[in-house]
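Computed from a prediction, not measured in an experiment: that's the story for all the values here.
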Amino acid sequence: MLRKLIVSGFVMTSFIQGGMATPQDQVQNHQFSTLTIVNHPLVQHKLTLLRHKKTKPILFRQLLEEIGLLVGYEVTRALEVKEKEIETPLTKMTGAKLKNDVVIVPILRAGLGMAGSLQTLIPTASQGHIGISRDPETKKAIEYYFKIPEVKGQTFIVVDPMLATGNSVIAALEGLVKRGVPIENMIFMALVAAPEGVKAVTAKFPTLRIFTAALDEKLNDHAYIVPGLGDAGDRIFGTL
C-alpha cells in the first residue's frame, strides 16, 4: 500500500528560473532542451519541507520517498508501451504493457532514497547499483562499485537526488555505456539540480532525458547546490 501523502497547512510559493511556478505538472526548460522540471504543487510543497534544515532524518526519508513517487510518475510517462491481448471476465480486448523491461540504478548511497519509490511504481523492475565517491579536493568521481543486470534492451532509470557538478552522474552514465547500454535507453532522475551540473551532463550526453523537481541557482565554492538542501546522503541516513 502506498504511504499516505503528507498535505499539511504549510504555505509556500515556488519559483523556477526566476518566475513563479505554473500550474502544469511539467515545465520544459528552455535553456536545457532535454531537462524537465516536475512542477506539481505537491512536489514543490514537499521539496520546501525537505529543504528545511530542521527536518529530521525520519521525515526527510519519508518526504524523499513521497517526492520520488510523484517525480517518478512523470518520469515513467517517457516509457513506451506495446499492445497485449488479454481476456477480461466479459470479453477479449487489446490492452497495453511496457515495451521494455526497466532497470532502476541508484547512484550510491543517496540514490537509494529515491530508488524505492520507483520500485513501488514498477514492482517488476530489477535494480543495479553504482558506487561513486567524490574526491573532496579535485571533485572528480571515483567508481568503487558497479553491478547491473545483463543488458537486454531495458530502459535504465539512473537515480541520484543531487545533480551538482555532474561528475558522478557522468561517470555513472559512462560506466553504463561502457557496458553496452545505449544512451537513448537511459533516463536520469534527480531531486535538485544545479545549472552547472545540467550543463556538464548535457554537454557530454546531449540527448539524455533529465527529470528534476527543481533547478536551483548555482554551486558554491565547495560544489554544494545553492539553495539546495545540504548533503542528501547524510540527511537520509542521519550521518551529519
Side-chain angles (χ1 to χ4, degrees), residues 2-8 10 12 37-38 40 42-75 103-122 125 127-136 139 141-148 156-169 171-172 187-194 197 201 210-216 219-220 222-240:
L2 297 182
R3 181 179 293 164
K4 183 178 180 181
L5 296 177
I6 296 175
V7 184
S8 69
F10 191 91
M12 51 78 69
I37 301 170
V38 179
H40 191 286
L42 280 178
V43 171
Q44 299 305 318
H45 168 86
K46 292 172 187 294
L47 179 57
T48 300
L49 293 172
L50 197 73
R51 290 183 191 271
H52 200 296
K53 67 179 182 179
K54 293 186 178 180
T55 298
K56 296 186 181 300
I58 186 171
L59 181 56
F60 191 93
R61 290 191 295 269
Q62 182 176 340
L63 287 165
L64 188 59
E65 181 180 341
E66 293 168 356
I67 295 173
L69 284 169
L70 292 164
V71 176
Y73 179 80
E74 300 300 334
V75 169
V103 181
I104 303 163
V105 187
I107 299 177
L108 303 178
R109 62 181 168 148
L112 293 171
M114 297 179 77
S117 302
L118 287 173
Q119 195 75 66
T120 298
L121 288 170
I122 318 169
Q127 278 200 33
H129 296 90
I130 301 176
I132 302 286
S133 62
R134 186 173 70 173
D135 187 293
K139 307 298 185 294
I142 303 170
E143 179 187 307
Y144 64 87
Y145 185 80
F146 205 109
K147 183 72 172 180
I148 61 172
F156 284 72
I157 304 178
V158 182
V159 186
D160 193 345
M162 311 299 285
L163 174 52
T165 63
N167 293 338
S168 296
V169 176
I187 302 171
F188 177 67
M189 170 178 161
L191 176 67
V192 176
V201 172
I210 302 174
F211 290 78
T212 185
L215 182 63
D216 277 8
L219 294 178
N220 66 12
H222 300 286
Y224 277 91
I225 301 174
V226 179
L229 48 77
D231 188 299
D234 284 339
R235 297 193 69 184
I236 292 168
F237 298 107
T239 52
L240 295 169

Over all atoms of both residues, closest heavy-atom pair of G228 and R51: O-NH1, 3.0 Å
Audit row: V71, L191, side chain to side chain contact (heavy atoms under 4.5 Å, CB included) steps and yes/no: CA-CA 8 Å; V71 176; L191 176 67; 5.6 Å; no
Candidate pair Q44 and L47, rule side chain to side chain contact (heavy atoms under 4.5 Å, CB included), full reasoning: CA-CA 5 Å; Q44 299 305 318; L47 179 57; 4.2 Å; yes
F188/D160 under side chain to side chain contact (heavy atoms under 4.5 Å, CB included): CA gap, chis, key distance, verdict: CA-CA 8 Å; F188 177 67; D160 193 345; 3.9 Å; yes
Nearest heavy atoms of H129 and Y145, plus distance in Å: O-CD2, 3.7 Å
Main-chain N/O of A125 paired with Q119 side-chain donor or acceptor, under 3.5 Å: yes
Partner of D216 by side-chain contact (heavy atoms from CB on, under 4.5 Å), out of L229, V192, V226: V192
Close side-chain approach of R109 to D234, heavy-atom, < 4.5 Å: yes
Interatomic spacing from OG in S168 to CD1 in I142 - rounded to 0.5 Å: 9.5 Å
Interatomic spacing from CG in L163 to CZ in F211 - rounded to 0.5 Å: 14.0 Å
For the student: nearest non-hydrogen atoms of V43 and A213, plus distance: CG1-CB, 3.5 Å
Chi angles and distances behind the side chain to side chain contact (heavy atoms under 4.5 Å, CB included) call for V105, I130: CA-CA 7 Å; V105 187; I130 301 176; 3.5 Å; yes
Positive for side-chain contact (heavy atoms from CB on, under 4.5 Å) with F60, one of R235, E65, H52: R235
From CD1 (I236) to CE (M114), nearest 0.5 Å: 9.0 Å
Heavy-atom pair with the smallest gap, counting every atom of M162 and I225: CE-CD1, 3.7 Å
Nearest-0.5 Å distance that lies between atom OH in Y224 and atom CG in L219: 11.5 Å
A115 versus I104, closest heavy-atom pair with distance: CB-CG2, 4.0 Å
Spacing of L59 atom CG and L49 atom CG [to the nearest 0.5 Å]: 7.0 Å
Inter-residue atom distance E143.CD - L108.CG, 0.5 Å rounding: 11.0 Å
For the student: nearest non-hydrogen atoms of P161 and A232, plus distance: CB-CB, 4.1 Å
